[in-house]
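Take a look at the structure below.
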Amino acid sequence: MTVTLADVAARAQVSPATVSRVLNGNYPVAATTRERVLRAVDELDYVLNGPASALAAATSDLVGILVNDIADPFFGIMASAIQSEIGGPGGRAGGERLAVVCNTGGDPERELTYLTLLQRQRAAAVVLTGGAVENEPHAAAVAAKLRKLGEAGTRVVLCGRPPAPDTRAIALTFDNRGGGRELTEHLIGLGHRRLGYIAGPEERTTTRHRLEGHRAALAAAGIEEDPRWTVHGRYDRRAGHEATLELLRRDPSLTAVVAANDSVALGACAALRESGLRIPEDVSVAGFDDLPFSIDAVPSLTTVRLPLAEAGARAGRIAMGREEPPPGGIAVVRGELMVRGSSGVPRG
């Protein structure tokens with residue numbers, strides 16, 4: 001049953017006019033009243049009609065692109081590629097659509113808020129990039145939002161994100177496990193047996209999948225992993241620096257450091273140099289993603305190249321209905337091992 005403005009007013013114990021004022025933001029309302037109305041909107045999952053221009057159509061000319069951190073090249077490359085495919089036939093204003101990049105900052109609640117706002121605006125399409133948060137209540141809430149978007153005619157595409165079953169969302173998911181395994185197999189093949197691993201935030205699917213690939217390679221080679229060899233942190237350079245110093249404190253005999261991504265790997269390289277260690281003569285370093293700066297690092301980074309721009313562009317075309325979705329609605333996007341100067345045969 002469709003939730004009406006009157007339903008929200010009844011739940012918040014205010015007049016429909018007050019609800020309208022809160023949602024339109026065009027009239028001062030007491031903070032406590034505003035909070036009560038917004039809580040009722042969330043509890044009832046009320047969807048605002050949106051701009052008048054959207055009322056005549058099932059969807060508007062708006063396309064939402066959700067990213068974790070637009071300053072991170074991983075997300076910036078995908079967002080740019082998605083946006084490059086947004087224009088063209090389909091929108092009412094000269095065939096163009098408006099792409100809005102929504103920066104969640106890694107906040108699960110912010111992600112849900114953006115999805116709600118895009119639903120209210122009857123977005124033509126929504127593309128969610130990067131890994132998902134591994135939290136059952138949050139995953140269920142996101143799935144419910146994606147279902148409602150799909151039912152309203154919004155195309156939903158997940159780019160670099162695991163599939164969301166029963167939501168109608170199309171998934172272009174990165175093979176993080178396979179890439180993580182291949183990267184560690186390369187280092188093991190060089191002779192490394194004591195490998196430190198800097199993992200990303202524990203609650204992220206990308207973190208778990210890459211770490212699982214790393215551990216699968218260790219197990220296949222008969223290497224027993226020491227719990228001291230894994231440290232979790234953020235996906236940034238500072239976290240890589242701090243985690244590497246911690247790994248060296250725990251076990252100074254490590255001969256390789258595998259990083260969650262290339263930014264983390266740069267921090268690892270800096271910490272190793274500060275500790276008087278050479279790369280790769282004393283300690284090899286490997287990253288993940290093959291971000292633009294990785295080839296210009298000194299030495300250049302061994303990493304796994306993910307086709308971020310290609311995947312983003314494909315997601316944009318699917319979102320615009322200019323490319324057919326993959327069979328079954330899911331495509332696995334595989335990475336490519338890039339062997340460069342930061343990995344070498346271990347000392348001794």
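This one's a predicted model, so the numbers in the text were calculated from it and none came from an experiment. Positions are given from 1, in the same order as the sequence printed here.
A salt bridge is absent between K148 and E151: the closest approach of a Lys/Arg side-chain nitrogen to an acidic carboxylate oxygen does not fall below 4.0 angstrom. Ion pairing of R215 with E185 is absent here, as no side-chain N (NZ or NE/NH1/NH2) approaches a carboxylate O to less than 4.0 Å.
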Practice problem: Please lay out, stage by stage, how E111 and R161 fare under the test salt bridge (Lys or Arg N to Asp or Glu O under 4.0 Å). | Solution: CA-CA 14 Å; E111 181 176 65; R161 192 177 180 113; 3.1 Å; yes
Practice problem: Could you go through the side-chain contact (heavy atoms from CB on, under 4.5 Å) check for K145 and Q119 one step at a time? | Solution: CA-CA 8 Å; K145 293 291 184 186; Q119 180 187 357; 4.1 Å; yes
Quiz item: Step by step, would you call T113 with T116 a side-chain hydrogen bond (donor to acceptor under 3.5 Å, both in side chains)?
Solution: CA-CA 5 Å; T113 297; T116 299; over 6 Å; no
Quiz item: Stepwise, does the side-chain contact (heavy atoms from CB on, under 4.5 Å) test hold for I188 with I223?
Solution: CA-CA 9 Å; I188 292 172; I223 300 173; 3.9 Å; yes
Quiz item: Taking it one step at a time, do Y46 and T4 satisfy side-chain hydrogen bond (donor to acceptor under 3.5 Å, both in side chains)?
Solution: CA-CA 7 Å; Y46 174 67; T4 67; over 6 Å; no
Practice problem: Starting from the C-alpha separation in whole Å, work towards a yes-or-no answer on side-chain contact (heavy atoms from CB on, under 4.5 Å) for V22 and L38. | Solution: CA-CA 8 Å; V22 170; L38 293 177; 4.0 Å; yes
Exercise. Evaluate the side-chain hydrogen bond (donor to acceptor under 3.5 Å, both in side chains) criterion for residues T230 and E225: first the C-alpha distance (whole Å), next the side-chain angles of each, then the deciding distance (0.1 Å), finally the verdict.
Key: CA-CA 9 Å; T230 300; E225 184 186 13; 2.9 Å; yes
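When each of V127, L128, V101 is checked for a side chain to side chain contact (heavy atoms under 4.5 Å, CB included) with L66, only L128 meets the rule.
Looking at heavy atoms from C-beta onward, V19 lies in side-chain contact with V14 at the 4.5 angstrom threshold. With contacts defined as side-chain heavy-atom distances shorter than 4.5 Å, the pair L118/L62 qualifies.
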Tell me which donor-acceptor pairs under 3.5 Å the side chains of residues 325-335 have, and how far apart each pair is, sequence neighbours excluded?
residue, atom, partner, partner atom, Å
R334, NH1, D175, OD2, 3.0

May I have the list of side-chain donor-acceptor pairs in residues 266-284 shorter than 3.5 Å, sequence neighbours left out?
residue, atom, partner, partner atom, Å
R273, NH2, V298, O, 2.0
E274, OE1, H241, NE2, 2.8
E274, OE2, H241, NE2, 3.2
S275, OG, A271, O, 2.9
R278, NE, D282, OD2, 3.1
R278, NH2, D282, OD1, 3.1
D282, OD2, R278, N, 2.7
S284, OG, H192, NE2, 3.3
S284, OG, G344, N, 2.8
S284, OG, G344, O, 3.2

Sequence neighbours left out, cut at 3.5 Å: what donor-acceptor pairs do the side chains of residues 301-314 make with other protein atoms?
residue, atom, partner, partner atom, Å
T302, OG1, R340, N, 2.9
T302, OG1, R340, O, 3.1
T302, OG1, S343, OG, 2.7
T303, OG1, D262, OD1, 2.8
T303, OG1, F288, N, 3.0
T303, OG1, D289, N, 3.4
T303, OG1, D290, N, 3.3
R305, NH2, E310, OE2, 3.0
R314, NE, E323, OE2, 3.0

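Residue pairs meeting the salt bridge (charged side-chain N to carboxylate O under 4.0 Å, His left out) criterion with at least one partner in residues 66-84, sequence neighbours excluded, are absent.
V133 belongs to no multi-residue hydrophobic cluster, having no ILVMFWY side-chain contact under 4.5 Å with any other such residue. Taking Ile, Leu, Val, Met, Phe, Trp and Tyr as hydrophobic and joining them when side-chain heavy atoms fall under 4.5 Å apart, one finds I295 isolated, its cluster having no other members.
With sequence neighbours left out, D251 forms a salt bridge (Lys or Arg N to Asp or Glu O under 4.0 Å) with R194, R228. Legend: residues meeting side-chain contact (heavy atoms from CB on, under 4.5 Å) with A143, ordered by chain and number and at least two apart, are R147, T167. Residues satisfying the salt bridge (Lys or Arg N to Asp or Glu O under 4.0 Å) test with E212, not counting sequence neighbours, are R177, R208. Residues meeting the side-chain hydrogen bond (donor to acceptor under 3.5 Å, both in side chains) test with R39, sequence neighbours left out: none. The ring pair (Phe, Tyr, Trp, His ring centres under 6.0 Å) check on F74 picks up nothing, with sequence neighbours excluded. Not counting sequence neighbours, S84 has no partner by the side-chain hydrogen bond (donor to acceptor under 3.5 Å, both in side chains) test.
Annotation: the span from I86 atom CD1 to D61 atom CG amounts to 11.5 Å, rounded to 0.5 Å. Between atom CG of residue N176 and atom CG of residue L211 there is a gap of 11.5 Å, rounded to the nearest 0.5 Å. The CG atom of L187 sits 8.5 Å away from atom OG1 of T255, with the distance rounded to the nearest 0.5 Å.
In terms of modelled atom types and a separation under 3.5 Å, the side chain of R210 and the main chain of A260 share a donor-acceptor contact.
Note on V157 and I82: same hydrophobic cluster, where clusters join Ile, Leu, Val, Met, Phe, Trp and Tyr whose side-chain heavy atoms are under 4.5 Å apart, directly or indirectly.
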